[in-house]
Amino acid sequence: MGALSTGEAKTSNAAARTEPDPALLTMTGISKSFLGVPVLRDVSFDLRPGEVHVLAGENGAGKSTLMKIAAGVHTDYEGEIALLGLPSRFSSPQDAAARGISVIHQEMSLIDSMSVVDNIFLGRELTRSGTARQWTDRSAQLRKAREFCEQLDLDIDLSRLVEDYSLSVKNRIEIAKALAFNARIFIMDEPTSALSGPEVDKLFGLIRQLKTRGCGIIYITHRMEEIYRIADRITVLRDGRHVGTAPAGQLSEPELIRWMIGRELSRHFPVRRTAIGAVRLEIDGLSVPKPGGTSTTKKSWLVREVSLSVRAGEIVGLAGLEGSGNTDLLRGIFGAYGKLEQGKVAIDGARFEIHSPRRSVQQGLAYLTNDRKGTGLILGLGLAENITLASLEAVSPALWMRRAMEWQVADRHVRALGIRAAGLWQEVATLSGGNQQKVALAKWIETRPGVLLLDEPTRGVDVGSKHEIYELMTQWTKDGFAILMITSEMPELLGLADRIVVMHRGRVTARFGRAEATQEKVLKAAMADEAV
Amino acid sequence: MNETPTAEREILLDVRGPRADTGAPVSGQKSVLRVAFERPWVRALAPLCFVLIIGAVFNAQGSFFKWGTHRDMLRQVSVYGILACGMTLVIITGGIDLAVGSILGVCAVIFSILSIHLGWSAWAAIPLVVLAGTTCGLLSGGMVARFRMQPFIATLAVMVFARGLAKWVSGGQKISSAVLNPDGSYKYVDLPRIFSALDHKILGENIAVVTLIFLACIGLCRVLLAKLRWGRYFYATGGNEEAARLSGIPIQGVKLLAYGMSGLLSAVAGICQAVQEQQGDPEAGSTYELSAIAIVVMGGTSLNGGRGGMLFTLVGAMTIGYLEKILSINAVGEASRLMLTGSIIVAAVLFQRVRK
């Protein structure tokens with residue numbers, strides 16, 4: 001590794017500025033930990049003027065963290081950053097922006113309720129001179145903004161509100177804003193995730209224009225096809241380490257995938273020998289529309305025509321990178337998006353009308369969310385209260401809460417799942433991540449569901465608890481539950497799932513049996529654009 | 001499954017530990033005072049004790065030590081306290097109800113018209129008034145639950161609307177025993193018996209009937225919150241609405257019930273207000289919603305929702321009640337009284353927030 005990344009040598013001292021082509025940005029030996037967990041280890045990265053440098057890697061590889069350091073969001077890190085060969089350390093995102101680094105966000109950083117021109121100059125308004133320095137010079141702003149927009153081939157009314165425009169236009173407004181800040185380094189994190197084909201073409205045209213102006217673009221994407229369309233060089237991160245950097249022409253697709261995966265299946269997974277039973281969950285052509293879309297606007301879809309089935313005693317893995325729609329599929333099935341018009345769902349052979357989470361719980365569905373603190377647990381309530389939350393009817397006959405019954409139920413789960421706590425009254429906010437996750441699981445097991453929808457069941461959980469959760473899942477399949485599971489950890493997916501369904505951009509792109517699935521095949525399908 | 005003997009033993013030992021609403025982890029290394037202070041109970045009672053000590057020091061020639069003073073304090077705080085009961089329910093679900101004062105006004109007017117002017121019996125007038133108040137509450141609840149309006153806006157609208165309704169129904173006049181004749185002269189009618197029956201002191205003149213109504217409301221709401229399944233729904237919705245929804249809790253029903261109960265209790269407060277004033281004043285209850293919120297907050301119920309309880313509100317009502325009473329028996333002028341009350345509310349809330 002590193003043989004092809006020659007940028008650092010050129011810019012190691014200030015004299016390097018006499019070189020004809022100094023790197024815009026050089027990051028050397030960057031390390032960063034969160035709460036003692038290292039997420040970046042000795043990573044180096046550089047960006048030259050006029051190039052698109054793609055940063056690739058699986059979820060959790062450290063791409064976003066590295067870019068947040070480059071953009072001044074994380075300020076405590078080890079290592080060196082140099083801008084145009086000059087050692088720099090950003091004190092804040094504003095500082096980084098002032099020095100020409102601009103981040104084009106996945107979620108737009110524009111303020112919808114303000115006009116286009118106000119957004120473009122937000123934070124560095126053009127002002128009048130002399131005594132009227134506190135007054136913004138609106139006509140000068142309009143003139144300047146129009147200039148930027150003309151350069152970007154963007155013909156819009158600058159005094160209208162940003163919310164009136166489509167995502168594609170917003171994307172370009174954001175770039176106009178960056179130009180107004182004199183940005184030379186653009187960090188684009190999945191900028192095309194919400195764009196249609198022609199809109200992507202427009203963005204790529206714009207990127208080419210930026211290149212000719214000597215700007216450098218760091219581009220993060222999960223889409224293989226885009227990487228090879230736009231990249232000049234590719235850097236791959238894996239588990240927080242720098243795997244390699246290569247010109248796009250010299251790195252073949254299989255090689256790139258190998259760089260991204262690169263590790264062996266190291267963890268042990270419990271051996272499951274369960275009899276696979278009858279189909280418990282059957283989904284046929286289910287689509288989930290993006291919420292908030294009205295009939296007048298064009299409908300956009302989070303999930304499009306997905307069909308799959310899960311049998312009793314079976315674990316089906318639902319693979320996909322961020323934004324693939326796999327989480328939306330689980331939420332959709334569970335009724336979190338309300339009624340769905342397209343597609344059929346059957347539970348144990350009986351037609352199931354998706355209506356609301358409440359109805360789903362009553363029908364024997366359970367949905368473990370991927371964010372236990374945000375949407376899984378009630379942090380201010382105690383252990384017992386959280387465990388019984390989804391099955392309160394059982395401990396409150398005739399509406400009257402029976403404290404003793406409730407504690408009995410909670411105590412049973414605390415023992416069965418090995419939850420470590422000072423007592424059943426303990427607030428779940430004060431439990432460790434692994435124990436919190438077990439509480440969230442216990443809540444759903446207590447509803448005695450037929451189908452468990454698990455979204456990242458081991459996210460943010462220590463290794464010991466992970467294994468305990470694997471054991472529990474194994475036990476539950478023996479008990480006849482059907483499990484549909486999302487996990488972004490490849491070993492977990494391959495180690496636990498009987499079958500794997502891969503999604504990309506809301507559609508199923510591949511299906512594998514346990515024997516035929518490999519990391520390469522799954523990742524390729526998760527980044528591919530053609531549906532099967 | 002893994003053997004976890006230590007954890008099990010701890011759980012067995014502590015299975016009858018503190019209640020959920022007082023549950024704070026007990027740590028061995030902290031000072032006794034700090035451990036005590038981590039309990040919401042202690043934090044709620046501390047301001048009350050502080051106010052009582054102030055009262056004992058500035059006792060206005062011993063009048064603070066007479067039961068009559070305490071009885072009057074309880075009587076004076078009762079109407080606010082009844083509003084605070086409903087407010088507590090709403091705040092625990094993560095909302096706020098600004099309409100309680102106006103609903104009180106409407107109900108006071110309607111009750112007075114029905115019983116004084118139209119001569120309805122109390123058995124007919126009270127249920128009708130309570131129904132009217134509940135309807136107003138459900139109106140707020142419906143806007144919050146069904147149309148996802150912000151509670152502040154929805155209840156602000158109902159607050160303005162209900163005040164207008166009170167003025168419309170009463171024709172802008174106070175509804176009292178003096179009835180305006182068509183020829184412009186006044187005719188005086190007798191106040192119905194219900195007025196004296198409710199505005200009365202019983203048990204050897206030792207406690208006011210309205211105080212008993214207030215305590216009954218506290219008890220009723222406490223049963224709802226702490227003993228019924230729906231109470232748990234309230235805490236869960238206020239604690240984390242999305243998690244509650246995804247756990248199958250009917251959050252729309254929770255909100256309807258909370259605002260409906262708040263409207264119902266506002267009606268009860270309206271009747272109490274009418275009998276105490278012996279008239280139905282369309283202006284009655286203005287700014288009472290703020291006093292109710294002050295009581296709830298003083299008790300330690302979190303405005304963020306999900307934490308608190310009815311007994312905290314009882315303590316909060318007594319704290320505010322004693323504060324007012326002590327200032328008035330010491331003949332502190334109204335201007336100073338308001339400024340002092342405001343300052344002490346801030347001080348108490350800051351004091352309660354001191355943790356960690």
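Letters A, B, ... are given to chains in the order of the sequence lines, protein chains preceding strands, and every chain is numbered from 1.
Rounding to the nearest 0.5 Å places NZ of K227(B) at 7.0 Å from CZ of R403(A).
Residue contact with chain B, scored on non-hydrogen atoms closer than 4.5 Å, involves the side chain of T388(A) exclusively. Heavy-atom distances place the side chain of E406(A), and not its backbone, under 4.5 Å from chain B. Proximity to chain B (any heavy atom under 4.5 Å) is restricted, for R331(A), to the side chain, taken from C-beta onward. L389(A) touches chain B through backbone and side chain together, each having a heavy atom under 4.5 Å away.
In terms of modelled atom types and a separation under 3.5 Å, the side chain of N240(B) and the main chain of L377(A) share a donor-acceptor contact.
Between chain B and the options S360(A), A440(A), A336(A), the largest number of non-hydrogen pairs under 4.5 Å is found for A336(A). When L381(A), L399(A), L379(A) are compared by the number of non-hydrogen pairs under 4.5 Å with chain B, L399(A) comes out ahead.
Side-chain contact between T369(A) and E242(B) is absent, with no heavy-atom pair separated by less than 4.5 Å. Counting only heavy atoms from C-beta outward, the side chains of W230(B) and L392(A) never approach each other to under 4.5 Å.
Identified under the salt bridge (Lys or Arg N to Asp or Glu O under 4.0 Å) test for residues 353-368 of chain A, with sequence neighbours left out: R351(A)-E353(A), R358(A)-E393(A).
The contact list for residues 244-252 of chain B toward chain A, using heavy atoms and a distance under 4.5 Å, reads A244(B), R245(B), L246(B), S247(B), G248(B), I249(B), P250(B) by residue number.
Sparse packing is recorded around CZ of R146(B), with 12 or fewer heavy atoms of other residues, nucleotides or ligands lying under 6.0 Å away. With a 6.0 Å radius and a threshold of 12 heavy atoms from other residues, nucleotides or ligands, E163(A) has its CD atom above the threshold.
The minimum heavy-atom distance between A236(B) and I378(A), with the atom names listed, is O-CD1, 3.3 Å.
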